[in-house]
A.B. asks: 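Structure in structure tokens, see below.
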Amino acid sequence: MSTSYITKAEIVSPLGIGLATNFKQVSAGISALREHPTGAAKKDLFCALIDQKQLDEYDDILATKQALTKLERMSIVTGKKLLDNSNLDPKDPKHILIFCTTKGNIDLLFKNGKDIPSDRILFSQCAKAISQKLGFIKEPIVISNACISGVEGILIGRQLIEAGIYQRALVLAADLVTDFTISGFYSLNAYAKGRCRPFDQHRTGVNLGECCAGVVLSALPEEKNSLKILGGTSSNDANHMTAPSKEARGLSKAIKDCLSQSTQAVLPDFIAAHGTGTRYNDAMESLAFYQSGLEDVPYFSLKGVYGHTLGAAGLLETAIATEALKQNTILPSLGFESAGEDIKMQPTTALAWTPMKSFLKTASGFGGGNACLMVEKSAA
């Protein structure tokens, strides 16, 4: 039976460069959320932003005079770290780049400079620029399915590898915080009044964040600490353009289908939840866990650390979850204090250690999309 593995993971975020750096900060309960002035809301809002000092670090790593956007720079830095520390060869026709994003180079809408061609606002051209800079000879695959894009990228890579079409895949996911993205959530009254509080009874909405995360997928374990993908699936509840099913039908189906793919029929040791901090998402997600028989499984949200990074969220949170699994660590959900009647289960609130073998990652997004992924430690 064919399978696939996550052999490497990396993150570039406001908390720093590299998965190890990010995981150390997350474990210490440090949040990247800060108040920043916004044109969209005409007031300060909590966001997690990559600053100019960090961008200068990216430029030092890239050492290029080529004009690149902010999103391209952080994506190439992430990709370069993964290529430098894995067996993935971009010159190999059996190796592919999968790029996941919700809005791509959306900041080009607000810039009139001539250094960056205007067509790089197109996902295809943005992905092509990243792919060429990383040296891939195959045309990249672009995944854009709202906030489940990052998890979908892993699922697509898994399918391509297990079908024998590719041997390895570099999956990158990135998104930015801009007035465009802020205005969307603000117009829906879904932007938090302060810091976001996932699953809390007083939650008022999301904070946005920006980052790039990536993983290397392979047909073989290759590394001692490789993680096996046990199952994964996506669904659509077709409920509403922005609101999820109140009955949690789509996510419950995705979770049950995902769990059924494991021949061992075991429950995960923890869940890396989507947990946006919005009224409807959190109620729906906790109900889905309850309906899927996961009421005793610890779960947490990282939105209180990074904010909602849109299409990058699922991959960012998967990367952190892989390190949590390796270190047998249950992470806290920042911002949670008490659950209301609409929350069936309460997230973890403190750092804890316990022997673990597997985790479940869930994601939901606009348009009714849901996706989940189950990963376990490999014996290799």
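Note that this is a predicted model, so its numbers are computed, not measured.
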A.B. asks: Measure the shortest side-chain to side-chain distance between L49 and P14 over non-hydrogen atoms and say whether it is less than 4.5 angstrom.
C.D. replies: no

A.B. asks: Would you say the side-chain atoms of S144 pair up with the backbone N or O of T101, donor to acceptor, closer than 3.5 Å?
C.D. replies: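 Looks like yes, one N/O pair under 3.5 Å.
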
A.B. asks: Taking a hydrophobic cluster as the set of Ile, Leu, Val, Met, Phe, Trp and Tyr residues connected by side-chain heavy atoms closer than 4.5 Å, whether directly or through intermediates, do I96 and I137 fall within one such cluster?
C.D. replies: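 Different hydrophobic clusters.
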
A.B. asks: With rounding to the nearest 0.5 Å, note down the distance linking NZ in K43 to CD in E35.
C.D. replies: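 Separation between the atoms: 10.0 Å.
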
A.B. asks: Counting only N and O atoms by type, is there a donor-acceptor contact under 3.5 Å from the side chain of S234 to the main-chain atoms of N370?
C.D. replies: no

A.B. asks: Any salt bridge (charged side-chain N to carboxylate O under 4.0 Å, His left out) pairs touching residues 163-178, not counting sequence neighbours?
C.D. replies: R168-E222

A.B. asks: Under the salt bridge (charged side-chain N to carboxylate O under 4.0 Å, His left out) definition, can you give me all pairs with a residue in residues 320-330, not counting sequence neighbours?
C.D. replies: none

A.B. asks: Which heavy atom of H95 sits nearest to which heavy atom of Q167, and what is that distance?
C.D. replies: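 Closest heavy-atom pair between H95 and Q167: NE2-OE1, 4.1 Å.
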
A.B. asks: Side chain to side chain contact (heavy atoms under 4.5 Å, CB included) between L230 and V375: does it pass, once the steps are laid out?
C.D. replies: CA-CA 5 Å; L230 281 180; V375 176; over 6 Å; no

A.B. asks: Could you pull out all donor-acceptor pairs under 3.5 Å where a side-chain atom in residues 305-315 meets a protein atom, sequence neighbours excluded?
C.D. replies:
| unit_1 | atom_1 | unit_2 | atom_2 | d |
| --- | --- | --- | --- | --- |
| Y306 | OH | N22 | OD1 | 2.8 |
| H308 | ND1 | L310 | N | 3.1 |
| T309 | OG1 | A313 | N | 3.1 |

A.B. asks: For D107 and T178, test the side chains for any donor-to-acceptor distance below 3.5 angstrom and give the result as yes or no.
C.D. replies: no

A.B. asks: Step through it carefully: locate the ring centre of F300, locate the ring centre of F270, and say whether they are under 6.0 Å apart.
C.D. replies: yes

A.B. asks: Looking just at side-chain N and O atoms, do N328 and K377 make a donor-acceptor pair shorter than 3.5 Å?
C.D. replies: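 Yes, side-chain donor-acceptor contact under 3.5 Å.
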
A.B. asks: Name each donor-acceptor pair under 3.5 Å that joins a side chain in residues 185-200 to protein atoms two or more places apart or in another chain, with its distance.
C.D. replies:
| unit_1 | atom_1 | unit_2 | atom_2 | d |
| --- | --- | --- | --- | --- |
| S187 | OG | S183 | O | 3.1 |
| S187 | OG | G184 | O | 2.8 |
| Y191 | OH | F46 | O | 2.7 |
| Y191 | OH | L208 | N | 3.0 |
| R195 | NH1 | L33 | O | 3.2 |
| R195 | NH2 | L33 | O | 3.4 |
| R197 | NE | G335 | O | 3.2 |
| R197 | NH2 | D200 | OD2 | 3.3 |
| R197 | NH2 | E337 | OE1 | 3.0 |
| D200 | OD1 | E337 | N | 2.7 |
| D200 | OD1 | S338 | N | 2.8 |
| D200 | OD2 | H202 | N | 2.8 |

A.B. asks: Write down the atom of G157, the atom of I98, and the distance for their closest heavy-atom approach.
C.D. replies: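 For G157 and I98, the tightest heavy-atom pair comes out as CA-CD1, 3.5 Å.
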
A.B. asks: Is any side-chain heavy atom of T7 closer than 4.5 Å to one of L217?
C.D. replies: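 Side-chain contact under 4.5 Å: no.
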
A.B. asks: Hey, could you give me the CE/CG distance between M284 and N281, rounded to the nearest 0.5 Å?
C.D. replies: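 Rounded to the nearest 0.5 Å, the CE-CG separation comes to 5.0 Å.
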
A.B. asks: Taking E210 for its side chain and V177 for its backbone only, find out whether a donor-acceptor pair lies under 3.5 Å.
C.D. replies: yes

A.B. asks: Any idea which heavy atoms bring K344 and S286 closest together, and the distance?
C.D. replies: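 The pair with the smallest heavy-atom distance is N-OG, 3.2 Å.
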
A.B. asks: What are the two closest non-hydrogen atoms of A371 and V151, and how far apart are they?
C.D. replies: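 In this case the closest contact between A371 and V151 is CB-CG1, 3.8 Å.
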
A.B. asks: Which distance, rounded to the nearest 0.5 Å, do you find between the NZ of K91 and the NZ of K138?
C.D. replies: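 Answer for the NZ-NZ pair, K91 versus K138, is 14.5 Å.
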
A.B. asks: Do the side chain of S124 and the main chain of L122 share a donor and acceptor less than 3.5 angstrom apart?
C.D. replies: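 Not a single qualifying donor-acceptor pair exists.
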
A.B. asks: Supply the atom-to-atom distance F289 CZ to M345 CE, rounded to the nearest 0.5 angstrom.
C.D. replies: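 Answer rounded to 0.5 Å: 6.5 Å.
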
A.B. asks: What pairs of residues pass the ring pair (Phe, Tyr, Trp, His ring centres under 6.0 Å) test when at least one of them lies in residues 142-172, not counting sequence neighbours?
C.D. replies: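 Qualifying pairs: none.
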
A.B. asks: Decide whether T64 and K133 meet the rule of one side-chain donor and one side-chain acceptor closer than 3.5 Å.
C.D. replies: yes

A.B. asks: For the residue pair D44 and T38, establish whether any side-chain heavy-atom pair is separated by less than 4.5 Å.
C.D. replies: no

A.B. asks: Is it the case that more than 12 heavy atoms not belonging to K246 sit under 6.0 Å from its NZ atom?
C.D. replies: no

A.B. asks: Rounded to the nearest 0.5 Å, what separation is found between the CG atom of L160 and the CD1 atom of I165?
C.D. replies: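 Rounded to the nearest 0.5 Å, the CG-CD1 separation comes out at 5.0 Å.
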
A.B. asks: Show the atom names and distances, to 0.1 Å, of all donor-acceptor pairs under 3.5 Å that link a side chain in residues 291-298 to residues at least two apart or in another chain.
C.D. replies:
| unit_1 | atom_1 | unit_2 | atom_2 | d |
| --- | --- | --- | --- | --- |
| Q291 | OE1 | S252 | OG | 2.7 |
| Q291 | NE2 | E247 | O | 3.4 |
| S292 | OG | A288 | O | 2.7 |

A.B. asks: Would you say E162's side chain and S4's backbone share a donor-acceptor pair under 3.5 angstrom?
C.D. replies: yes

A.B. asks: Hey, is CD on Q52 packed in by over 12 heavy atoms from elsewhere, all under 6.0 Å?
C.D. replies: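 Buried by this count: over 12 neighbours within 6.0 Å.
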
A.B. asks: Can you name the side chain to side chain contact (heavy atoms under 4.5 Å, CB included) partners of I121, sequence neighbours left out?
C.D. replies: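 Result, side chain to side chain contact (heavy atoms under 4.5 Å, CB included) vs I121: L108, L109.
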
A.B. asks: Quick one: hydrophobic cluster around I17, which other residues, with the 4.5 Å side-chain cut-off, linked directly or via members?
C.D. replies: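 Traced through the cluster, I17 reaches V12, I50, L55, Y58, I61, L62, L68, L71, M74, I76, V77, L82, L83, L88, L97, F99, I130, L134, F136, L170, L172, L176, V216.
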
A.B. asks: Would you check if the side chain of K303 reaches a backbone N or O of G277 as a donor-acceptor pair within less than 3.5 Å?
C.D. replies: no

A.B. asks: Please enumerate all residues that pass salt bridge (Lys or Arg N to Asp or Glu O under 4.0 Å) together with E72, with sequence neighbours excluded.
C.D. replies: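 Only R120 meet the salt bridge (Lys or Arg N to Asp or Glu O under 4.0 Å) criterion with E72.
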
A.B. asks: Mind checking the OG-CG spacing from S378 to N225? Nearest 0.5 Å is all I need.
C.D. replies: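 Between atom OG of S378 and atom CG of N225 there are 9.5 Å.
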
A.B. asks: According to the salt bridge (charged side-chain N to carboxylate O under 4.0 Å, His left out) rule, which pairs have a member within residues 274-283, sequence neighbours left out?
C.D. replies: R203-D282, R279-D342

A.B. asks: Is it true that Q261 and D257 share a donor-acceptor pair across their side chains at a distance under 3.5 Å?
C.D. replies: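 Result is no, nothing qualifies.
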
A.B. asks: Does L259 reach the side chain of M374, with side-chain heavy atoms less than 4.5 Å apart?
C.D. replies: yes

A.B. asks: Would the distance check show the side chain of S27 and the main-chain N or O of F23 forming a donor-acceptor pair, the cut-off being under 3.5 Å?
C.D. replies: yes

A.B. asks: Taking ILVMFWY side chains as joined if any heavy atoms are under 4.5 angstrom apart, and letting links pass through other members, which residues group with V142?
C.D. replies: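 Joined to V142, directly or through intermediates: F123.
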
A.B. asks: For the side-chain contact (heavy atoms from CB on, under 4.5 Å) test, which of I343, T349, T348 pairs with F336?
C.D. replies: T349

A.B. asks: Got a donor-acceptor contact below 3.5 angstrom from the T78 side chain to the A213 backbone?
C.D. replies: no

A.B. asks: If we ignore hydrogens and angles and just use 3.5 Å, is the side chain of K94 paired with the main-chain N or O of G164 as donor and acceptor?
C.D. replies: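 Answer holds: yes.
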
A.B. asks: Should I330 and M356 count as side-chain neighbours, where that means a heavy-atom distance under 4.5 Å?
C.D. replies: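 Yes - at least one pair of side-chain heavy atoms lies under 4.5 Å apart.
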
A.B. asks: If you look at every heavy atom in C147 and A363, which pair is closest and at what distance?
C.D. replies: O-CB, 4.2 Å

A.B. asks: What residue among K70, K65, R73 forms salt bridge (Lys or Arg N to Asp or Glu O under 4.0 Å) with D59?
C.D. replies: R73

A.B. asks: State plainly whether one hydrophobic cluster holds both I148 and V206, where clusters connect Ile, Leu, Val, Met, Phe, Trp and Tyr through side-chain heavy atoms under 4.5 angstrom apart.
C.D. replies: no

A.B. asks: Taking only Lys NZ, Arg NE, NH1 and NH2, and the carboxylate oxygens of Asp or Glu, determine whether E139 and K128 approach each other closer than 4.0 Å.
C.D. replies: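 No, this pair does not count.
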
A.B. asks: What pair of heavy atoms forms the shortest contact from G18 to E10, and how long is it?
C.D. replies: CA-OE1, 3.2 Å

A.B. asks: Listed by chain and number, what are the side chain to side chain contact (heavy atoms under 4.5 Å, CB included) partners of D51, not counting sequence neighbours?
C.D. replies: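 Side chain to side chain contact (heavy atoms under 4.5 Å, CB included) check on D51 returns K53, Q54.
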
